[in-house]
Engineer: 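Quick one: the structure is below, questions incoming.
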Amino acid sequence: MIITKLNGGLGNQLFQYAAGRSLADHHNTELILDLEWFKNAPVGNTRRKFELGKYPIIARVASPKEVAAFTFYHGRVLRRIPFLPRLWKYQREKHFQYDPCFFNFANNCYLDGYWQSHLYFDDIGGSLRAQLQPNIEPGPANQKLLDEIAIENSVAVHIRRGDYLTNPSASSHHGVCSLDYYQQAVEQITSKVANPHFYVFSDDLAWARENLIFHFPVTFVGHNLAEQSFQDLHLMSHCKHQIIANSSFSWWGAWLNSNPEKIVIHPKRWFLVNKDTSTLFPSTWLGI
């Protein structure tokens, strides 16, 4: 078995699931999800909910007995005692960039990390994209948008502000993308895509309406609130091209886009803190 610890918002959960699913497939074994973080999120973290139940993923949630064992053995002291008998090996992510030793991890291991690189799961890309299509109907408003997106040169623009501004920890770690980044990205798209139609997704649409300038049709999408935000991700992924924020949520909107000719523009600086993000983006994506 492979156990993966889930934490954070939907984008983080998708990375953790994808890496775990890939390693489980590699070992031809089951994948188990540890959800305890959602009950006991550390102080300073934005509160989140488990969201992968909205997708036809191939995994099961850890049983109370398994959770109790994870909690017991993963304390700071006990997880460092190698001779304690246990059914799995604890594998903590060493650094942000791709770990080439990942597929050398033995079967029966517990993954603790973010695993934010496409290199962990590119080999199962086809099946993974199928598993990450929501099993909840889009509803009339979203279906109307999906129909429009399909026939236009649609470009998803994601603007992440929210807790990147209001949460001190997130603000100092991530920061927000500048207006200049978005305007340069829009100019790049309009130079490459004929008659684009921009679809703007944001947790701060008022800011987007006031500051962004488009010389082509634009639709601001703001009806998928709170637990319906996964529908925004679904809409974004069906656009033909993407301008993403420094957010795992919009990263997945771009990765799930199956258009072979897609243009994806991302901010070169993903964090305010110093981290190596060289393995975060597929080589075809364009950084600004």
Side-chain angles (χ1 to χ4, degrees), residues 9-11 116 118 145-146 148-167 170-225 229 231-257 259-278 280-288:
L10 177 56
Q116 293 190 359
H118 62 103
L145 285 170
L146 286 169
E148 293 172 1
I149 284 168
I151 62 174
E152 297 172 331
N153 282 334
S154 47
V155 183
V157 181
H158 183 236
I159 300 168
R160 171 76 176 269
R161 289 171 66 80
D163 63 338
Y164 279 14
L165 290 173
T166 60
N167 183 305
S171 178
S172 62
H173 190 82
H174 296 279
V176 296
C177 293
S178 68
L179 178 59
D180 184 58
Y181 161 71
Y182 284 107
Q183 293 302 169
Q184 286 190 49
V186 168
E187 289 171 9
Q188 283 264 14
I189 289 289
T190 55
S191 71
K192 300 173 185 292
V193 177
N195 302 313
H197 186 139
F198 294 91
Y199 289 82
V200 179
F201 303 83
S202 178
D203 52 11
D204 192 350
L205 280 181
W207 182 92
R209 290 178 187 274
E210 183 176 345
N211 290 281
L212 289 181
I213 298 172
F214 299 95
H215 299 291
F216 290 89
V218 56
T219 299
F220 293 90
V221 183
H223 60 278
N224 291 314
L225 303 175
S229 62
Q231 296 286 12
D232 273 0
L233 181 61
H234 188 56
L235 292 170
M236 289 162 59
S237 72
H238 279 70
C239 289
K240 294 183 174 65
H241 312 284
Q242 278 81 22
I243 296 171
I244 71 173
N246 56 335
S247 160
S248 58
F249 184 86
S250 53
W251 189 101
W252 277 98
W255 190 86
L256 288 169
N257 176 2
N259 175 19
E261 298 180 354
K262 67 185 178 185
I263 298 170
V264 178
I265 298 178
H266 68 85
K268 284 183 178 178
R269 184 160 192 180
W270 197 253
F271 298 106
L272 289 180
V273 297
N274 185 30
K275 285 187 179 181
D276 181 354
T277 58
S278 59
L280 175 59
F281 312 106
S283 61
T284 55
W285 294 14
L286 306 175
I288 291 180

Engineer: Which pairs would a plain distance check flag for residues 205-219, meaning a side-chain donor or acceptor within less than 3.5 Å of a matching protein atom at least two apart in sequence or in another chain?
Structural biologist:
unit_1	atom_1	unit_2	atom_2	d
Asn211	ND2	Trp207	O	2.8
Thr219	OG1	His197	NE2	2.8

Engineer: Just to verify, what does Glu187 make a salt bridge (Lys or Arg N to Asp or Glu O under 4.0 Å) with, not counting sequence neighbours?
Structural biologist: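 With sequence neighbours excluded, Glu187 shows a salt bridge (Lys or Arg N to Asp or Glu O under 4.0 Å) to no residue whatsoever.
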Engineer: Only counting residues at least two apart or in another chain, list the ones meeting side chain to side chain donor-acceptor pair (under 3.5 Å) with Ser154.
Structural biologist: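 Per chain and number, Ser154 pairs via side chain to side chain donor-acceptor pair (under 3.5 Å) with no residue.
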Engineer: Checking Trp252 now: which residues fulfil ring-ring contact (aromatic ring centres under 6.0 Å, His included) with it, not counting sequence neighbours?
Structural biologist: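 Per chain and number, Trp252 pairs via ring-ring contact (aromatic ring centres under 6.0 Å, His included) with Phe15, Phe121, Trp255.
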Engineer: Residues in side-chain contact (heavy atoms from CB on, under 4.5 Å) with Glu148, at least two apart?
Structural biologist: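 Checked Glu148 against side-chain contact (heavy atoms from CB on, under 4.5 Å); matches are Lys144, Leu145, Glu152, Tyr199.
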Engineer: Among residues two or more places apart or on two chains, list those pairs meeting side chain to side chain donor-acceptor pair (under 3.5 Å) that have a residue in residues 231-243.
Structural biologist: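 Residue pairs with at least one partner in residues 231-243: Asn224-Asp232, Gln242-Asn257.
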Engineer: Take Asn246 and Phe271 through the side chain to side chain contact (heavy atoms under 4.5 Å, CB included) test and state the conclusion after the steps.
Structural biologist: CA-CA 7 Å; Asn246 56 335; Phe271 298 106; over 6 Å; no
Engineer: Within a strict 4.5 Å, meaning less than it, do heavy atoms of the Ile189 and Ile265 side chains meet?
Structural biologist: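 Yes, close enough: below the 4.5 Å cut-off.
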Engineer: Mind checking ring-ring contact (aromatic ring centres under 6.0 Å, His included) for Phe281 and listing every partner two or more places apart, or none if nothing turns up?
Structural biologist: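 Scan of Phe281 (ring-ring contact (aromatic ring centres under 6.0 Å, His included), adjacent residues dropped) gives His266, Trp270.
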Engineer: Tell me, please, which residues at least two apart from Asn195 pass side-chain contact (heavy atoms from CB on, under 4.5 Å).
Structural biologist: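 Result, side-chain contact (heavy atoms from CB on, under 4.5 Å) vs Asn195: none returned.
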Engineer: Val221 and His223: which non-hydrogen atoms are nearest, and at how many Å?
Structural biologist: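 Taking every non-hydrogen atom into account, CG1-CE1, 3.7 Å.
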Engineer: For residues Lys275 and Leu280, determine if any side-chain heavy atom of one lies less than 4.5 Å from a side-chain heavy atom of the other.
Structural biologist: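 Of all side-chain heavy-atom pairs linking Leu280 with Lys275, none is under 4.5 Å.
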Engineer: Could you list the residues that satisfy side chain to side chain donor-acceptor pair (under 3.5 Å) with Tyr182, not counting sequence neighbours?
Structural biologist: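 Not a single residue meets the side chain to side chain donor-acceptor pair (under 3.5 Å) criterion with Tyr182.
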Engineer: Tell me the closest heavy-atom pair linking Ala194 and Asn153, and the distance in Å.
Structural biologist: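 Closest approach of Ala194 to Asn153: O-ND2, 2.6 Å.
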Engineer: Are Ile243 and Tyr181 side-chain neighbours, meaning at least one heavy-atom pair lies under 4.5 Å?
Structural biologist: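 Counting from C-beta outward, Ile243 and Tyr181 do come under 4.5 Å.
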Engineer: Answer yes or no: is there a side-chain heavy-atom contact under 4.5 Å between Arg160 and Asp203?
Structural biologist: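 Heavy-atom side-chain distance check passes, below 4.5 Å.
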Engineer: List in chain and number order the residues that pass side chain to side chain donor-acceptor pair (under 3.5 Å) with Gln188, two or more places apart in sequence or in another chain; answer none if no residue qualifies.
Structural biologist: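 Partners of Gln188 by the side chain to side chain donor-acceptor pair (under 3.5 Å) criterion come out as none, since no residue qualifies.
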Engineer: Determine yes or no for a side-chain-to-main-chain donor-acceptor pair under 3.5 angstrom, with Ser250 supplying the side chain and Gly253 the backbone.
Structural biologist: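 No: the side chain of Ser250 does not pair with the backbone of Gly253.
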Engineer: Can you list everything that forms a side chain to side chain donor-acceptor pair (under 3.5 Å) with Ser278? Sequence neighbours excluded, please.
Structural biologist: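 Residues passing side chain to side chain donor-acceptor pair (under 3.5 Å) with Ser278: Asp276.
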Engineer: Run the side-chain contact (heavy atoms from CB on, under 4.5 Å) test against Asn274 and tell me which residues pass, sequence neighbours left out.
Structural biologist: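 Asn274 satisfies side-chain contact (heavy atoms from CB on, under 4.5 Å) with no other residue.
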